[in-house]
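To start, the structure under review is shown below, and the notes come after it.
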Amino acid sequence: MDTWVVVLVVAVAVALLVVLALALAKRNRINGARRREQAREALREAEARRTQAEEEQAAAEEQAARARRERAEMEERIRLAEEEARRRAQQAGQHAAEADQLRARAEKLAPGLAGERTRPVTGPDQPTGGATRR
């Protein structure tokens, strides 16, 4: 083979290798740019989800605080109602004791009278008066 053919074959081979190297470099740059864009998109999505998570967390904490506040208010109403019930029960006990004392006093003043009713009892089944027996 002639020298010029060998030089031509080597030159063509080197040119093909250079073209191949440039094509691979361009492909690597394109792939790198694509990966960077995908990474940016992933970061934007991550930030959006982080913001959503923080908003949901704040809403959950607010709801829990509202529930605790409502529970405290309910417990306070229950405490006040129980206190009122105890006060009324104590007052009823005092009235019952006074009634017993008055009944005992009436029994001393007029023995046997305490067993009778001092006023007529009227109810829905009993007329208030005015009718005579037949």
Side-chain angles (χ1 to χ4, degrees):
M1 238 205 252
D2 289 335
T3 308
W4 66 270
V5 175
V6 172
V7 171
L8 183 62
V9 170
V10 169
V12 169
V14 169
L16 287 175
L17 288 175
V18 168
V19 169
L20 182 62
L22 290 173
L24 288 175
K26 183 176 181 179
R27 192 179 99 199
N28 286 341
R29 280 192 312 271
I30 290 171
N31 286 340
R34 186 178 302 128
R35 282 192 299 268
R36 283 190 299 278
E37 184 57 36
Q38 288 174 343
R40 283 187 197 101
E41 183 62 32
L43 287 173
R44 282 191 291 270
E45 180 69 21
E47 185 61 31
R49 289 185 184 216
R50 169 72 57 188
T51 301
Q52 182 182 10
E54 289 172 354
E55 289 171 358
E56 288 177 4
Q57 181 66 30
E61 289 172 0
E62 181 180 331
Q63 184 178 11
R66 186 173 40 252
R68 285 190 297 274
R69 188 172 48 254
E70 288 173 1
R71 179 187 302 140
E73 290 170 357
M74 180 185 63
E75 288 173 353
E76 178 64 13
R77 285 191 302 271
I78 290 170
R79 186 190 66 75
L80 290 174
E82 288 174 343
E83 187 176 295
E84 176 66 15
R86 280 191 296 275
R87 187 190 61 76
R88 292 180 84 179
Q90 182 181 14
Q91 190 176 20
Q94 288 173 351
H95 288 301
E98 290 172 3
D100 289 343
Q101 289 174 353
L102 290 172
R103 181 178 284 290
R105 182 173 167 209
E107 186 62 33
K108 283 182 182 177
L109 293 174
L113 185 63
E116 300 175 11
R117 293 261 181 199
T118 57
R119 59 186 163 117
V121 176
T122 60
D125 297 338
Q126 299 173 353
T128 56
T132 57
R133 288 190 179 183
R134 292 183 190 213

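Predicted model, so just to flag it, every value in this text is computed and none were measured.
- Using a cut-off of 4.0 Å between Lys/Arg side-chain N and Asp/Glu carboxylate O, R103 and E107 are scored as not salt-bridged.
- Between atom CD of residue Q91 and atom NE2 of residue H95 there is a gap of 4.0 Å, rounded to the nearest 0.5 Å.
- Linking ILVMFWY residues whenever their side-chain heavy atoms come closer than 4.5 Å, directly or via other members, places L16 and L8 in the same cluster.
- Note on V18: it clusters hydrophobically with V10, by side-chain heavy-atom contacts below 4.5 Å among ILVMFWY residues.
- Between I30 atom CD1 and R35 atom CZ the span is 11.5 Å, to the nearest 0.5 Å.
- For E41, the salt bridge (charged side-chain N to carboxylate O under 4.0 Å, His left out) criterion is met by R44, not counting sequence neighbours.
- Considering only residues two or more places apart in sequence or on other chains, E83 meets the salt bridge (charged side-chain N to carboxylate O under 4.0 Å, His left out) condition with R79.
- Cluster membership for V12 and V5, using ILVMFWY side-chain heavy atoms within less than 4.5 angstrom, is shared.
- Partners of R40 by salt bridge (charged side-chain N to carboxylate O under 4.0 Å, His left out), not counting sequence neighbours, listed by chain and number: E37.
- More than 12 heavy atoms of other shown residues, nucleotides or ligands fall within 6.0 angstrom of atom CD in E84.
- In terms of the salt bridge (charged side-chain N to carboxylate O under 4.0 Å, His left out) criterion, E98 has no residue partners (sequence neighbours excluded).
- Hydrophobic clustering (side-chain heavy atoms under 4.5 Å, transitive across Ile, Leu, Val, Met, Phe, Trp, Tyr) groups V9 together with W4.
- One finds the CD1 atom of I78 at 4.5 Å from the CE atom of M74 (value rounded to the nearest 0.5 Å).
- Distance check: E75 CD to E82 CD gives 10.5 Å after rounding to the nearest 0.5 Å.
- For residues 47-58, every residue pair satisfying the salt bridge (charged side-chain N to carboxylate O under 4.0 Å, His left out) rule, not counting sequence neighbours, is listed here: E45-R49.
- The neighbour count for R71 CZ, taken as heavy atoms of other residues, nucleotides or ligands under 6.0 Å away, does not exceed 12.
- To the nearest 0.5 Å, atom CG of residue L22 and atom CZ of residue R27 are 14.0 Å apart.
- For E73, the side chain to side chain contact (heavy atoms under 4.5 Å, CB included) criterion is met by R69, R77, not counting sequence neighbours.
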